[in-house]
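Below is one structure, written out as structure tokens, with a few remarks after it.
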Amino acid sequence: MISDIISKAEKGYTIGSKEIYELMSITDKDQLEELYAAARRVRNRNFGKKIYTYGFVYFSTHCKNNCTFCYYRRSNTGIDRYRKSVDEIVELSGNLLDAGINLSDLTMGEDPMMYADDYKLLLKTIESVHDDVGISIMASPGALPERMFAPVREAGADWYACYQETYNRPLFEKLRLEQSFDDRRNQKIWAKKAGLLTEDGMMIGLGESVKDRANTILTMSQLGCDQVRAMTFVPQVGTPMQDFTPYDSTEELKAIAVMRLINQDKLIPCSLDVEGIAGLRTRINAGANVVTSIVPPSQNLAGVAQHELDIENGNRSVEHVFEMLEEMGHRHATSNEYKSFLAKHRSGKVSI
Ligand code: SAM
Ligand code: MD0
Ligand code: SF4
């Protein structure tokens with residue numbers, strides 16, 4: 001039964017919510033292996049040995065929001081926060097490009113300073129990285145009004161990332177306090193209409209059920225995003241969820257593999273922001289094809305879920321990640337290879 005679903009999905013036939021639920025319910029070790037092996041075959045058939053790489057530039061950790069899971073929520077007072085200047089962000093992105101990284105993920109909390117004067121500083125930041133560096137750009141600035149997506153695209157962003165975390169509406173409302181479920185869902189649609197590639201994402205271990213996970217995977221896939229992700233929740237000191245018992249990575253790995261089977265030519269991240277470098281191999285083996293949250297040491301940059309883990313010791317550095325990919329029989333994609341992937345996907349029609 002499980003084998004039938006895996007092989008049906010591997011061949012590219014559509015599987016529905018019931019079948020996704022069955023796959024997300026697997027606990028047997030051999031069946032899990034079978035799932036990961038199928039996901040690897042699908043990834044390798046579509047992408048060969050190539051793995052894309054993203055640098056993470058968390059350029060402002062100030063935030064007006066109060067998400068219960070997040071270290072940088074506004075009520076977590078007394079933590080260190082920073083805001084990088086445009087020049088610093090340009091320099092960081094330039095270093096990423098020179099080191100062979102495919103994309104600079106320009107991420108921030110919902111920082112009022114960046115949003116002031118009609119998002120002036122945010123747009124200036126994107127534009128400067130585009131004009132002065134030329135690396136591909138993902139913007140992860142939080143939720144924006146619909147009218148801002150065209151300017152974000154014009155400033156030079158290739159991608160807009162905004163994660164729903166869960167498509168269970170009541171759970172969303174308990175997590176993303178004072179934020180609108182529909183508005184956040186619409187972000188992806190508005191971004192796509194403005195010509196941006198889009199990323200959606202789910203978090204695992206927030207109190208959701210297996211059915212919620214299956215439904216979230218299906219909804220993210222149906223929205224037609226070009227990149228979809230899963231990240232295990234990491235409890236954060238000073239937040240209402242600090243005492244949650246963290247999950248191990250099994251559910252995330254399953255989600256990566258299932259997402260791969262139903263989004264065969266899409267990008268699926270292996271984030272170093274959950275388990276640090278220790279989590280790279282398992283996620284690649286589950287079918288991921290982009291390493292995200294590569295952070296250079298000595299730049300005073302933080303991660304989101306793991307704000308320190310493996311950064312200053314250099315384990316999340318470019319060199320170390322490239323080396324590990326080679327050891328696993330993969331190779332990092334060149335900037336031209338990445339740009340041609342973007343061109344191919346950008347021409348896709350809006351399917352919603
Ligand atoms: N502030 C913007 C926003 O929330 O859309 C951009 C930052 S976005 C990169 C932050 C994402 O990191 C969240 O959407 C969530 O998926 C993930 N994240 C935040 N805190 C986390 C945690 N404690 N554990 C795991 N993932 C987390
Ligand atoms: C990551 N810490 O890739 C980053 C972040 C934002 N677009 C991505 C969650 O894991
Ligand atoms: Fe702010 Fe994003 Fe953290 Fe929510 S997840 S508190 S919006 S930085």
Side-chain angles (χ1 to χ4, degrees), residues 52-76 79 81 101 103-112 114-115 122 137-144 157-166 172 175-180 183-184 187-188 191 197-206 216 220 225 227-242 244 246-247 249 251-252 255 267-276 279-280 283 288 290-295 301-311 316 321:
Y52 303 107
T53 54
Y54 291 3
F56 186 53
V57 181
Y58 200 2
F59 64 93
S60 171
T61 58
H62 293 270
C63 190
K64 67 176 168 59
N65 279 346
N66 220 9
C67 304
T68 48
F69 52 81
C70 182
Y71 184 65
Y72 297 99
R73 70 197 302 265
R74 69 163 186 264
S75 298
N76 204 6
I79 62 169
R81 297 183 194 257
I101 292 290
L103 173 138
S104 177
D105 180 0
L106 302 178
T107 299
M108 57 182 232
E110 297 203 358
D111 178 357
M114 292 287 161
Y115 282 14
L122 170 64
I137 297 171
M138 173 177 275
S140 307
L144 303 174
D158 299 281
W159 290 85
Y160 171 75
C162 180
Y163 314 142
Q164 199 77 15
E165 327 299 357
T166 176
F172 174 97
L175 299 168
R176 287 196 161 267
L177 305 179
E178 306 149 17
Q179 298 170 53
S180 152
D183 184 68
R184 200 163 173 91
Q187 299 288 307
K188 276 77 76 169
L197 296 162
T198 56
E199 182 183 20
D200 201 350
M202 70 191 288
M203 259 204 277
I204 286 177
L206 302 160
T216 297
M220 294 197 303
C225 292
Q227 183 167 307
V228 279
R229 73 160 58 208
M231 280 172 75
T232 310
F233 167 57
V234 182
Q236 302 295 322
V237 180
T239 68
M241 295 176 76
Q242 64 177 3
F244 255 60
Y247 277 40
S249 58
E251 297 305 318
E252 179 181 330
L267 299 183
I268 299 179
C270 147
S271 172
L272 300 183
D273 213 18
V274 177
E275 297 182 288
L280 186 130
R283 286 164 179 77
V290 198
V291 181
T292 69
S293 233
I294 294 171
V295 184
L301 282 172
V304 171
Q306 294 285 2
H307 43 276
E308 289 175 347
L309 180 67
D310 279 348
I311 297 180
R316 274 160 79 168
V321 170

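Computed from a prediction, not measured in an experiment: that's the story for all the values here. Order of listing sets the numbers, starting from 1, for every ligand and every atom in it.
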Could you check whether any side-chain heavy atom of P269 comes within less than 4.5 Å of a side-chain heavy atom of M231, counting everything from C-beta outward? no
Numbered atoms of ligand 1 (with element) below 4.0 Å of F233, judged on heavy atoms: 22 (C), 23 (N), 24 (N), 25 (C)
Can you find a protein heavy atom under 4.0 Å from atom 8 (S) of ligand 1? no
How far apart are the closest heavy atoms of Y163 and R176, and which atoms are they? O-NE, 4.0 Å
Check: N65 and Y72 side chains under 4.5 Å, non-hydrogen atoms: no
For D105 against S140, the heavy-atom pair lying closest together: OD1-OG, 2.8 Å
So the atoms of ligand 1 within less than 4.0 Å of a heavy atom of S140 turn out to be 6 (C)
If you measure from CD1 on I101 to OG1 on T53, what distance do you get to the nearest 0.5 Å? 3.5 Å
Which atoms from ligand 2 have a heavy atom of D105 less than 4.0 Å away? 6 (C), 7 (N), 8 (C)
Under the side chain to side chain contact (heavy atoms under 4.5 Å, CB included) test against W159, which residue among L106, I137, L103 passes? L103
Under a 4.5 Å cut-off applied to non-hydrogen side-chain atoms, are T239 and T68 in contact? no
Is the shortest side-chain heavy-atom distance between R316 and D273 below 4.5 Å? yes
For ligand 2, which atoms, with element, lie under 4.0 Å from some heavy atom of S140? 6 (C), 7 (N)
Residues N76 and R81: closest non-hydrogen pair is O-NH2, 3.1 Å
Give the minimum heavy-atom separation between I204 and A255, together with the two atoms involved. CD1-CB, 3.9 Å
Tell me the contacting part of N65 for ligand 1: side chain, backbone, both, or neither, using a 4.0 Å heavy-atom threshold, strictly below. neither
Tell me, which protein residue and heavy-atom name are nearest atom 5 (C) of ligand 2, and how many Å apart are they? F56 CE1, 3.6 Å
So, is V234 polar-close to ligand 1, with some N/O to N/O distance under 3.5 Å? yes
Please could you name the atoms of ligand 1 that G109 approaches to less than 4.0 Å, counting only its heavy atoms? 1 (N)
Which segment of Y58 sits under 4.0 Å of ligand 2 when only heavy atoms are counted: neither
Which atoms from ligand 1 have a heavy atom of Q236 less than 4.0 Å away? 23 (N)
For the 3.5 Å polar cut-off, considering only N or O atoms, please tell me whether E199 and ligand 2 meet it. no
T239 heavy atom under 4.0 Å from ligand 1: no
Is the closest side-chain heavy-atom distance between Q164 and K188 below 4.5 Å? yes
Between F56 and L301, is any pair of side-chain heavy atoms under 4.5 Å apart? no
When you compare ligand 1 with M108, is there at least one nitrogen or oxygen pair between them that comes in under 3.5 angstrom? yes
Just jot down the ligand 1 atoms closer than 4.0 angstrom to any heavy atom of M231, in number order. 26 (N)
Contacting atoms of ligand 3, where contact means under 4.0 angstrom from a heavy atom of G109: 8 (S)
Element-labelled atoms of ligand 1 that are located less than 4.0 Å from some non-hydrogen atom of R184: 3 (C), 4 (O), 5 (O)
Under a heavy-atom criterion of less than 4.0 Å, does M108 contact ligand 3? no
Any heavy-atom pair between the side chains of R73 and P240 that's under 4.5 Å? yes
Applying a strict 4.0 Å limit to heavy atoms, is Y54 in contact with ligand 2? no
In ligand 2, the atoms that come under 4.0 Å of a heavy atom of T107 are 6 (C), 7 (N)
Ligand-side contact atoms (ligand 3) for residue partner R176, heavy atom cut-off under 4.0 Å: 4 (Fe), 5 (S), 7 (S)
So between R176, E165, K64, Q187, whose heavy atom ends up nearest atom 15 (C) of ligand 1? E165
Show me which atoms of ligand 3 lie under 4.0 Å from any heavy atom of C63. 1 (Fe), 6 (S), 7 (S), 8 (S)
Got the closest protein heavy atom to atom 10 (O) of ligand 2, with its distance? S271 OG, 2.5 Å
Take every heavy atom of Y71, measure it against each atom of ligand 3, and state whether any distance is under 4.0 Å. no
Over 60° means perpendicular and under 30° means parallel, so classify the ring planes of F233 and F244, tilted if in between. perpendicular
Determine, using ring centers only, whether Y54 and Y52 are less than 6.0 Å apart. no
In ligand 2, which numbered atoms sit nearer than 4.0 Å to a non-hydrogen atom of D273? 2 (N), 10 (O)
Polar proximity ligand 1 side, C70 side, N/O cut 3.5 Å exclusive: no
Note, P141 side chain near M114 side chain (heavy atom, < 4.5 Å): no
Neighbour count >12 (heavy atoms, 6.0 Å) for atom CD, E308: no
Would you check if atom 4 (Fe) of ligand 3 lies under 2.8 Å from any N, O or S atom of C67? yes
Which residue and heavy atom of the protein sit nearest atom 18 (N) of ligand 1, plus the separation: V304 CG1, 3.6 Å
Numbered atoms and elements of ligand 2 in range of S293, under 4.0 angstrom, heavy atoms: 1 (C), 2 (N), 3 (O), 4 (C), 10 (O)
Out of all atoms in ligand 1, which are within 4.0 Å of some heavy atom of G142? Include the element for each. 2 (C), 5 (O)
Please list, in number order, the atoms of ligand 2 under 4.0 Å from a heavy atom of T292. 1 (C), 3 (O), 10 (O)
Specify the closest pair of heavy atoms between T232 and S249, including all atoms of both residues, with the distance to one decimal. OG1-CA, 4.3 Å
